[in-house]
Amino acid sequence: MRARAGSGTVAAIPEGHTIHRIAKDHTKLLVGRPVAVSSPQGRFQPSAALVDGVVLDRIEPYGKHLFYSWANGHVGHVHLGLFGRFRVHLGPEPPEPIGMVRMRMSTDAATVDLSGPTACEILTKAERNVIVARLGPDPLRRDAKPSVVVERVQRSKQPIGAILLDQRVISGLGNVYRAEALFLNGIHPRRPGNELHAAEVEALWSTSVAMLRRGVKDNRIITVHHLEDDRPGRTRLTKRGTATYVYHRDRCVRCGTAVETADLGGRPCYFCPVCQPA
DNA sequence: ATACCATGAACAG
DNA sequence: TGTTCCTGGTATC
């Protein structure tokens with residue numbers, strides 16, 4: 001099942017690019033007007049009433065988090081986790097909810113249904129700030145300072161493969177982008193952070209910025225553009241429309257070596273033992 | 001009908 | 001480190 005442009009269905013599990021893309025798309029549909037907020041499934045019910053009918057001022061993405069600034073001062077917080085997804089229905093008529101819809105936001109332009117989130121709650125601005133304060137720089141934000149990432153990586157003895165999933169160090173990367181960022185820079189995922197050169201961490205940052213920006217544009221993860229030696233069309237897309245060098249590959253797309261995995265940060269980190277020597 | 005799997009993260013101990 | 005929660009598509013009986 002493929003997400004169609006404009007109809008807003010996001011089937012893939014989200015990393016930071018998904019969150020920024022959602023913020024962008026949903027801003028056009030919801031921001032600047034009163035929004036009917038409800039919880040067909042019920043779990044968000046008492047909180048929904050706090051913002052039901054209130055004007056939505058802004059949707060702000062930060063790493064894998066979404067913050068909703070409501071005109072009455074409340075701040076909505078959504079984190080999709082592994083299973084969360086939005087469905088968008090264009091038009092003034094809210095249709096029957098599909099599946100378990102935790103939160104529904106409707107305007108006369110569209111209805112946005114949220115299911116399966118790890119977090120869906122109403123916060124104060126102070127609580128929002130606490131969440132943001134514990135996040136590392138987000139490569140998709142203009143206010144991000146990569147020097148913070150360099151410092152935090154070099155202070156850690158953890159393997160870089162685990163560090164890149166730590167949202168306190170850098171926010172927005174998930175299991176796909178960490179593998180691809182390490183691959184593109186020829187870095188073995190088990191190398192300890194404190195043994196990386198500053199230039200290497202800066203390169204990981206630049207790669208992340210480029211990949212995530214491209215991911216927002218494509219609304220999916222296609223990393224194989226990022227090497228000059230990759231001829232266009234050489235690499236076939238998966239059923240989901242994604243394409244990676246090592247993530248979930250049997251063989252390295254560049255050199256054909258069997259891809260290995262290392263359990264890092266509680267999930268398998270795919271890498272090419274030839275392109276990413278220890 | 002049931003099992004299993006997935007690109008996340010909080011929490012307990 | 002292990003456990004738990006969130007959902008739904010696909011595979012397997």
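Convention: sequence-line order gives letters A, B, ...; per-chain numbering from 1.
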A/D138 versus A/H20, side-chain donor and acceptor atoms under 3.5 Å: yes
Atom-pair distance (NE2 on A/H65; C1' on B/dA10), nearest Å: 11 Å
Phosphate-side-chain proximity, A/R43 and C/dC6, N/O vs OP1/OP2 below 4.0 Å: yes
Gap between atoms CG and P, on A/N175 and B/dA9 respectively (whole Å): 11 Å
Modelled atom types, side-chain donor and acceptor of A/H77 and A/E121, under 3.5 Å: yes
Short side-chain N/O contact to B/dA10 OP1/OP2 from A/Q167, under 4.0 Å: no
Between P of B/dA9 and CG of A/L173, the distance in whole Å: 10 Å
Interatomic distance where CZ belongs to A/R178 and P belongs to B/dA9 [whole Å]: 12 Å
Closest to the A/K64 side chain, choosing from C/dT7, B/dT7, B/dA9: B/dA9
Presence of A/Y247 side-chain N/O under 4.0 Å of B/dT7 phosphate oxygens OP1/OP2: yes
Atom CG of A/D250 with >12 non-hydrogen neighbours under 6.0 angstrom: no
Between C1' of B/dC5 and CD1 of A/I13, the distance in whole Å: 9 Å
Proximal nucleotide (of B/dA10, B/dA6, B/dT7) relative to the A/F83 side chain: B/dA6
Atom C1', compared across C/dG9 and B/dA9: separation rounded to whole Å: 22 Å
Distance test, side-chain N/O of A/R267 to OP1/OP2 of C/dT1, below 4.0 Å: no
Span that lies between the P atom of B/dG13 and that of C/dC5, in whole angstrom: 14 Å
Ring centroid separation A/Y177 to A/H17 under 6.0 Å: yes
Any A/H79 side-chain nitrogen or oxygen under 4.0 Å from OP1 or OP2 of B/dG8: no
Sugar-phosphate only, base, or nothing, as touched by A/L80 at under 4.0 Å among non-hydrogen atoms: nothing
Sugar-phosphate only, base, or nothing, as touched by A/R134 at under 4.0 Å among non-hydrogen atoms: sugar-phosphate
Atom-to-atom span, CD of A/E121 to P of B/dA10 - whole angstrom: 11 Å
Flag if over 12 foreign heavy atoms under 6.0 Å of CZ, A/R33: yes
Phosphate contact (C/dG9 OP1 or OP2) by A/R85 side-chain N/O below 4.0 Å: yes
Sugar-phosphate, base or nothing in reach of A/R102, heavy atoms under 4.0 Å: sugar-phosphate
Length of the line joining A/N219:CG and B/dT7:P, which is rounded to integer Å: 18 Å
Cation-pi, A/F44 ring and A/R102 (6.0 angstrom, 45 degrees): no
A/E180 CD - B/dT7 C1' separation (whole Å): 11 Å
Touch class at under 4.0 angstrom, heavy-atom based, for A/Q41 against every strand present: sugar-phosphate
